[in-house]
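Below: one structure, written as structure tokens.
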Amino acid sequence: MIPLHGIGGRQDLPIPFGLAVGGAAVAVAVSFVVLGLAWRSPKYQGNRSGRPLPSAITRTVDAGWFRWIVRLVGLAIFLYAMVALLFGVDRLTNPIFGFIYILLWVGLVPISILLGPVWRTLNPLRTLHLLLCKLLRQPPSKGILTLSPRLGLWPAALGIFAFTWLELVAPDRATIPVLQAWIALYVVITFFGAVLFGDRWFETGDPFEVYATLMSRLSPWGRRTDGSLVVRRPLENLDGLKAQPGLVGMVAALLGSTAYDGFSNSSAWVGWAQNQDISMTWLGTAALVVFMLFVLITYSAATLVAGRLSDSSRTTLPGLFAHSVVPIALGYVIAHYLTLFILEGQRTLIYLSDPLSNGANVFGTGLLAVNTGITNHSTAISVIQVLAVVGGHLLGVISAHDRAVALFPRHKALAGQLPLLIVMVGYTAGGLLLLFSS
């Protein structure tokens, strides 16, 4: 057990060096094949596409009673977890640590990919705000102030930084007082943001909802522009992600924080940091900021150079291509957190039966043991890690290629993509190197 991910988690098995090098080579080779031989005109239609689901499914999903069932389920889970947070003991057997750091933070990814943007309905703070608005007989969209569109997703990006700092850097992060303070700040800022600006604040200011919504763009479920619930290709769903202020900062925060997570486990960083006179908190904070800024600067610079090479308008290109970084972030999440989610997720579900650590067995899971069988398949884990990083890279290249042929003049589309391709290959090689060094 090592002190990361807030509660201490299992360090993923490092991949063999040869597999890392081979994965990077495949990523580079296939990327150039995609650019050289792929479609010459855009194929994705974003939110305009999709095959409508049966009307019975759409009516059920859109029904008020069904949405209230989902809302109340999310609220009940939240209130149950708050019992452990407010009244549970300050030990790692308290399920609140695994609930926040594992089931919520990591679990949002598979939930969003399997079910789409369901967190918008499950979000307990949205439900509490909606109940308050009904009590006051005010529409939830109405706030005291008007939220400036220039703000965009920057509040959520700052929230991602704050949470990943808590998870990966903060001292005593696996203690009840520290977690109570962070969650109190999160609830106050998010809830009163909704009171001030209406429920649109959740779409721009709630880091968990924005994170879940981004990942849900890689699910097969979506809404067509006419409001129909549809099934579509995940990359076509991703193509419907609209550029807005702060989107680049959001994806940079997600990718940079996951990269720092892998880097902070490397023997080189740990050995160097422990020999410094500066505290690990300050060093970790600085390194986390550097990783996020590195992604933000390198990606933005690549898109600006792409605009120069293709004789296109350069000011809007970072936001227009930001969707192509989402699959890379997903690949990093799978590679870094897979075994942590499987093993510590089981442990958290066991602990949830005893939220106060007094011997209760509410859900009947309290006497179960963690199945550690996955640790016997180190080769399979390594292959999954490499495939996740390389696969995320390839999906990002395909998304960027389709967007490039839609935006750039045809005879300069290939040249315009090269800077972004180089940066993406660099992210992939870096991700594999971090997995190898861990």
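Here the structure is a predicted model, which is why all the values come from computation and not from measurement. When reading the values below, keep in mind they use all heavy atoms of this one structure, side chains included, and skip hydrogens, waters and symmetry mates.
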(message) Working to the nearest 0.5 angstrom, can you tell me the gap between Arg120 CZ and Ser216 OG?
(response) 9.0 Å

(message) Looking at Glu203 and Asp199, would you say the former's side chain and the latter's main chain have a donor-acceptor pair under 3.5 Å?
(response) no

(request) Could you give me the CA-CA distance, side-chain angles and deciding distance for Trp68 and Thr127, then say whether side-chain contact (heavy atoms from CB on, under 4.5 Å) is met? (result) CA-CA 9 Å; Trp68 272 109; Thr127 301; 4.3 Å; yes

(message) Using only atom types and a distance under 3.5 Å, with no angle test, would you say the side chain of Glu344 pairs donor to acceptor with the backbone of Ile102?
(response) no

(request) May I ask you to decide whether Asp62 forms a salt bridge with Arg223, counting only side-chain N to carboxylate O separations under 4.0 Å? (result) yes

(request) Would you check if Leu395 and Leu238 make a side-chain contact, meaning some heavy-atom pair closer than 4.5 Å? (result) no

(request) State the CD1-CZ distance between Ile334 and Phe341, to the nearest 0.5 angstrom. (result) 11.5 Å

(message) Does Leu145, at its CG atom, have more than 12 non-hydrogen atoms belonging to other residues, nucleotides or ligands within less than 6.0 Å?
(response) yes

(request) Pick out which of Thr204, Asn123, Thr190 makes a side-chain hydrogen bond (donor to acceptor under 3.5 Å, both in side chains) with Glu209. (result) Asn123

(request) Return the minimal non-hydrogen interatomic distance between Ala156 and Val210, and the atom names on each side. (result) CB-CG2, 3.6 Å

(message) Using side-chain heavy atoms (C-beta onward) and a distance below 4.5 Å, is Leu254 in contact with Leu214?
(response) yes

(message) Does either side chain, that of Tyr337 or that of Asp261, offer a donor lying less than 3.5 Å from an acceptor on the other one?
(response) yes

(request) Output all residues satisfying side chain to side chain donor-acceptor pair (under 3.5 Å) with Arg233, sequence neighbours left out; order by chain, then residue number. (result) Glu236

(message) Between Ser228 and Val230 (side chain of the first, backbone of the second, donor and acceptor by atom type, cut-off under 3.5 Å), is there such a pair?
(response) no

(request) Can you see which heavy atom on Val248 is nearest to which on Ala322, and at what distance? (result) CG2-CB, 4.1 Å

(message) With a sphere of 6.0 Å drawn around OH of Tyr80, does it hold more than 12 non-hydrogen atoms of other residues, nucleotides or ligands?
(response) yes

(message) Rounded to the nearest 0.5 Å, what separates atom CG in Leu122 from atom CD1 in Ile77?
(response) 7.0 Å

(message) In the structure I gave you, are the side-chain heavy atoms of Ile374 and Leu343 within less than 4.5 Å of one another anywhere?
(response) yes

(request) Would you please indicate if the ring centroids of Phe163 and Phe208 are separated by under 6.0 Å? (result) yes

(message) Checking side-chain hydrogen bond (donor to acceptor under 3.5 Å, both in side chains) between Asp206 and each of Trp119, Trp201, Tyr211, Tyr186, which is the one that passes?
(response) Tyr186

(request) Would you check if Val169 and Tyr260 make a side-chain contact, meaning some heavy-atom pair closer than 4.5 Å? (result) yes

(request) For the pair Trp269 and Phe263, name the ring-plane relationship: parallel under 30°, tilted 30 to 60°, perpendicular over 60°. (result) tilted

(request) Could you tell me the separation between the CG atom of Leu320 and the NZ atom of Lys242, rounded to the nearest 0.5 Å? (result) 11.0 Å

(request) Check whether any side-chain heavy atom of Trp221 lies under 4.5 Å from a side-chain heavy atom of Val118, and answer yes or no. (result) no

(message) Are there over 12 heavy-atom neighbours, none belonging to Phe78, within less than 6.0 Å of that residue's CZ?
(response) yes

(message) Under a 3.5 Å distance rule, please check whether Ser49 uses its side chain to pair with a backbone N or O of Gly46 as donor and acceptor.
(response) yes

(message) Contact between Ile113 and Leu330 at the side-chain level, heavy atoms closer than 4.5 Å - yes or no?
(response) yes

(request) Please answer whether the main-chain N or O of Asp172 pairs with a side-chain N or O of Thr175 as donor and acceptor at a distance below 3.5 Å. (result) yes

(message) I want to check something: taking the side chain as every heavy atom from C-beta on, are Leu420 and His401 in contact at a cut-off of under 4.5 Å?
(response) no

(message) Could you check whether any side-chain N or O of Asn47 sits under 3.5 Å from a backbone N or O of Arg224, counting only pairs where one atom can act as donor and the other as acceptor?
(response) no

(message) Please find the pair of heavy atoms, one from Leu283 and one from Gln276, that lie closest to each other, and give the distance.
(response) CD1-CB, 4.0 Å

(request) Could you tell me whether the side chain of Arg403 and the main chain of Asp239 form a donor-acceptor pair under 3.5 Å? (result) yes

(request) Could you tell me the separation between the CG atom of Leu125 and the CG atom of Leu130, rounded to the nearest 0.5 Å? (result) 12.5 Å

(request) Could you pull out the closest heavy-atom pair between Ser219 and Gly116, with the gap in Å? (result) OG-CA, 3.6 Å

(request) Could you walk me through whether Phe191 and Val195 pass the side-chain contact (heavy atoms from CB on, under 4.5 Å) test, one step at a time? (result) CA-CA 6 Å; Phe191 193 80; Val195 172; 4.1 Å; yes

(request) Side-chain contact test, heavy atoms from C-beta onward, threshold under 4.5 Å: evaluate it for Gln244 versus Leu153 and give yes or no. (result) yes

Side-chain donor-acceptor contacts of residues 285-293 below 3.5 Å, not counting sequence neighbours, with atom names and distances?
| residue | atom | partner | partner atom | Å |
| --- | --- | --- | --- | --- |
| Thr285 | OG1 | Trp165 | NE1 | 2.7 |
| Thr285 | OG1 | Thr281 | O | 2.7 |

(request) With rounding to the nearest 0.5 Å, note down the distance linking CZ in Phe66 to OG1 in Thr60. (result) 7.5 Å

(request) Answer yes or no: is there a donor N or O on one side and an acceptor on the other, between the side chain of Tyr351 and the main chain of Ile96, under 3.5 Å? (result) no

(request) Identify, with sequence neighbours excluded, every residue that meets side chain to side chain donor-acceptor pair (under 3.5 Å) alongside Thr298. (result) Tyr427

(message) How close do Tyr332 and Leu255 get, counting heavy atoms only, and between which atoms?
(response) CD1-CD1, 3.5 Å

(request) Might you work through the side-chain contact (heavy atoms from CB on, under 4.5 Å) test for Asn237 and Leu218, ending with a clear yes or no? (result) CA-CA 6 Å; Asn237 207 359; Leu218 288 169; over 6 Å; no

(message) Using the rule given for side-chain contact (heavy atoms from CB on, under 4.5 Å), can you reason through Leu304 versus Arg308, listing the C-alpha separation, both sets of side-chain angles and the distance that settles it, and then say yes or no?
(response) CA-CA 6 Å; Leu304 294 176; Arg308 183 180 183 88; over 6 Å; no

(request) Could you tell me which non-hydrogen atom of Ala212 sits nearest to which non-hydrogen atom of Leu108, and how far apart they are? (result) CB-CD2, 4.1 Å

